[in-house]
Amino acid sequence: MAATTESVKADAAEAPLLNKRNLTLGMLLYLVFYSWVRWYEGVYGWSAGLDSFAPEFETYWMNFLYIELVLEVVVSATLWGYIWKTRDRKVMSITPREELRRHFTHWTWLVCYGWAIYWGASYFTEQDGTWHQTIVRDTDFTPSHIIEFYLSYPIYIITGVSAFLYAKTRLPTYNEGLHLMYLVAVIGPFMILPNVGLNEWGHTFWFMEELFVAPLHYGFVFFGWAALAIMGVVNTEVDAIGKLLKKDLA
Amino acid sequence: MSASQSAVRSRAEAVQVSRTFDWMILFTLFTAVLGGYHIHYMLTGGDWDFWSDWKDRRLWVTVAPIVSITFPAAVQACLWWRYRLPVGATISVLALLLGEWINRYMNFWGWTYFPINICFPSNLVPGAIVLDVVLMLGGSMTLTAVVGGMAYGLLFYPGNWPIIAPLHVPVEYNGMMMTLADLQGYHYVRTGTPEYIRMVEKGTLRTFGKDVAPVSAFFSAFVCIIIYFLWHFFGRWFAKTDFISDDAS
């Protein structure tokens with residue numbers, strides 16, 4: 001009985017397997033931030049985003065672009081640097097329970113990655129379609145592009161690379177090499193950002209009208225397929241977690 | 001703690017942990033597939049999906065099923081062949097439709113003020129359900145490709161008919177006959193409005209007279225079979241769990 005009490009006390013003192021607070025805060029961070037961004041678009045898209053030669057465009061949109069680019073570099077360098085610097089150098093000797101806890105933390109990152117992909121690839125990408133159907137572009141840096149290409153895409157890239165780095169540096173499962181589909185799931189959507197170069201170059205030369213199914217856009221399509229590689233990550237995780245849960249109970 | 005020891009302390013905790021992971025995995029799979037599928041669909045068939053005056057009897061019926069059977073086939077290849085879950089196609093389509101409906105309300109209507117009845121998304125649910133049911137009952141990739149793929153293509157127009165029919169009613173406007181959907185397009189001018197951009201009812205398929213939609217649906221169904229096969233193998237590839245060496249030396 002005493003041993004049981006000790007065990008319960010140890011459990012109470014121990015960190016929970018899933019930190020629900022972090023998961024909730026992570027989800028809310030994207031939701032609240034992007035809700036604010038959508039409000040900003042609604043107000044300043046129409047009032048200051050129609051003519052890229054107007055002074056108010058510089059004030060409300062180009063300054064937004066400059067600030068977000070600097071913040072993205074700072075956040076990615078800090079976050080990725082922190083995850084790498086604090087890596088576990090004895091990852092193969094952790095206890096099964098600690099490994100399970102880390103899988104939960106890893107999945108907190110992956111949930112945030114999926115959430116960030118939704119906002120970037122779905123919400124702000126199709127939103128760009130209706131903006132261009134309404135306003136004829138006179139710059140590569142339209143209000144919708146400043147949000148879609150240069151904010152929402154970097155945010156999912158930062159989140160995805162963070163998830164990958166966390167798995168690589170803290171989970172024994174990923175210690176045997178580089179997980180091919182994890183690389184595809186992170187690098188594929190990342191490549192959508194460099195593909196913006198092709199997109200803008202093409203739009204500069206060929207047409208002003210926005211035909212969304214134009215072959216010029218197929219680079220985005222190809223790299224969008226890479227999101228399916230999350231299935232390979234899921235399969236690996238299911239195997240790893242299954243092994244942890246199926247071992248003899250203590 | 002021995003190497004064979006469990007990470008959990010009771011069967012009840014194992015069940016709880018397992019269920020929690022189920023929800024986290026489902027959410028991530030749902031949103032990642034949503035993002036990838038949506039960017040694929042909007043850039044391969046989006047113009048027909050965005051606007052009612054693009055939703056014609058020929059190219060909408062042909063293009064939308066062909067480009068939308070892709071992700072359902074790939075996700076089925078993982079969820080059925082690995083976990084025996086016959087919901088891959090339906091989950092994919094529901095994810096896509098959720099993303100589309102949120103966007104049409106929040107952005108097409110909420111930001112650029114197009115009425116919802118000009119920019120509602122196509123309905124892909126009936127074909128997806130049939131695709132899953134054929135796979136569940138048959139358990140065969142070939143059967144699902146041939147029967148399910150064909151059904152997916154053929155069911156698209158009937159599945160959308162109750163929605164689009166009122167907008168295909170003919171009207172006369174300034175001495176010209178057009179559909180009500182075309183009239184919507186006249187009133188909501190877009191950068192994709194000019195007729196040299198809008199790919200609607202072009203070509204000589206009109207020689208089939210009233211049979212334009214069935215002929216288009218049948219052709220679409222044929223291509224859907226081929227695309228299903230192709231994307232099934234894409235799905236298998238994306239579901240791999242291989243590692244590559246990270247030894248740079």
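Chain letters run A, B, ... following the sequence lines, proteins first, then strands; residues in each count from 1.
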Any non-hydrogen side-chain atom of A:F124 less than 4.5 Å from a side-chain atom of B:N107? no
So, the part of A:Y156 with a heavy atom under 4.5 Å from chain B: the answer is neither
Applying a strict 4.5 Å limit to non-hydrogen atoms, the region of A:L110 in contact with chain B is both
Highest number of heavy-atom pairs under 4.5 Å with chain B among A:A229, A:S122, A:G114, A:A226 belongs to A:S122
- Task: Test B:T20 against A:F104 for side chain to side chain contact (heavy atoms under 4.5 Å, CB included), laying out the working first.
- Result: CA-CA 9 Å; B:T20 307; A:F104 268 117; 3.7 Å; yes
Heavy-atom closest pair (A:A227 atom, B:A32 atom, distance to 0.1 Å) is CB-O, 3.5 Å
d(A:N235 CG, B:Y83 OH) to nearest 0.5 Å is 3.5 Å
Cut-off 4.5 Å, heavy atoms of chain B, and the answer for A:W131 is both
Assert top hit (heavy-atom pairs under 4.5 Å, partner chain B, pool A:Y113, A:Y182, A:W115) equals A:W115
- Query: Any chance the rings of A:W225 and B:W237 have centres within less than 6.0 Å?
  - Reply: no
Honestly, the part of B:Y188 sitting under 4.5 Å from a heavy atom of chain A is neither
Note to self: Between A:R97 (side chain only) and B:A7 (backbone N and O only), is there a donor and an acceptor less than 3.5 Å apart?
What the structure shows: yes
Turns out that what part of B:F114 lies under 4.5 Å from chain A's heavy atoms comes down to side chain
The reported gap from OH in B:Y113 to CH2 in A:W46 (rounded to nearest 0.5 angstrom) is 7.0 Å
If one checks every heavy atom of A:E41 against chain B at 4.5 Å, the contacting part turns out to be both
Closer than 3.5 angstrom, by distance alone: can the side chain of B:D47 be matched with the main-chain N or O of A:V213 as a donor-acceptor pair?
yes
Under 4.5 Å to a heavy atom of chain A? For B:W54 that would be side chain
Most heavy-atom pairs under 4.5 Å with chain A, out of B:F71, B:Y41, B:F30, B:W48, belong to B:F71
When every non-hydrogen atom of A:Y123 is compared with those of B:N103, the smallest separation belongs to O-ND2, 2.8 Å
Rounded to the nearest 0.5 angstrom, the CZ-NE2 distance for A:F223 and B:H40 is 15.5 Å
Taken to the nearest 0.5 Å, the spacing of A:M181 CE from B:T241 OG1 works out to 9.5 Å
Whatever's closer than 4.5 Å to a heavy atom in chain A on B:W23 counts as neither
message = I'd like to know whether A:M231 forms a side chain to side chain contact (heavy atoms under 4.5 Å, CB included) with B:L79, so could you lay out the CA-CA distance, the side-chain angles of the two residues, the decisive distance to 0.1 Å, and finally the verdict.
response = CA-CA 9 Å; A:M231 297 190 302; B:L79 292 190; over 6 Å; no
The interface call for A:R101 against chain B, heavy-atom contacts under 4.5 Å, is neither
When rounded to the nearest 0.5 Å, the distance separating CD of A:E237 from OG1 of B:T28 is 10.0 Å
Handout entry: Residue B:W109 excluded, over 12 heavy atoms near CH2 under 6.0 Å
Key = no
Under 4.5 Å to a heavy atom of chain B? For A:V234 that would be both
**Asked** Under the side chain to side chain contact (heavy atoms under 4.5 Å, CB included) criterion, do A:R38 and B:W111 qualify, and how do the steps go?
**Response** CA-CA 9 Å; A:R38 177 61 187 80; B:W111 198 20; 3.3 Å; yes
Heavy-atom nearest pair, B:K240 first then A:H179, reads O-CE1, 4.3 Å
With chain A, the option among B:F50, B:F108, B:F21 that has the most non-hydrogen atom pairs under 4.5 Å is B:F21
Rounded to the nearest 0.5 Å, the CD atom of A:Q127 sits from the OG1 atom of B:T112 at a distance of 8.5 Å
One option among B:M24, B:E13, B:E100 has the most heavy-atom pairs under 4.5 Å with chain A, and it is B:M24
One option among A:I117, A:V221, A:L178 has the most heavy-atom pairs under 4.5 Å with chain B, and it is A:L178
- More than 12 non-hydrogen atoms from neighbouring residues, nucleotides or ligands closer than 6.0 Å to CZ on B:F27, yes or no? yes
**OP:** Tell me, yes or no, whether the heavy-atom count around A:R21 atom CZ, taken from other residues, nucleotides or ligands under 6.0 Å, exceeds 12.
**Re:** no
| task | Answer yes or no: is there a side-chain heavy-atom contact under 4.5 Å between A:I192 and B:I39? | result | yes
Chain B shares the most heavy-atom pairs under 4.5 Å, among A:L183, A:L228, A:L180, A:T134, with A:L228
Okay, B:V75 and chain A: the region with an atom under 4.5 Å from a heavy atom over there is both
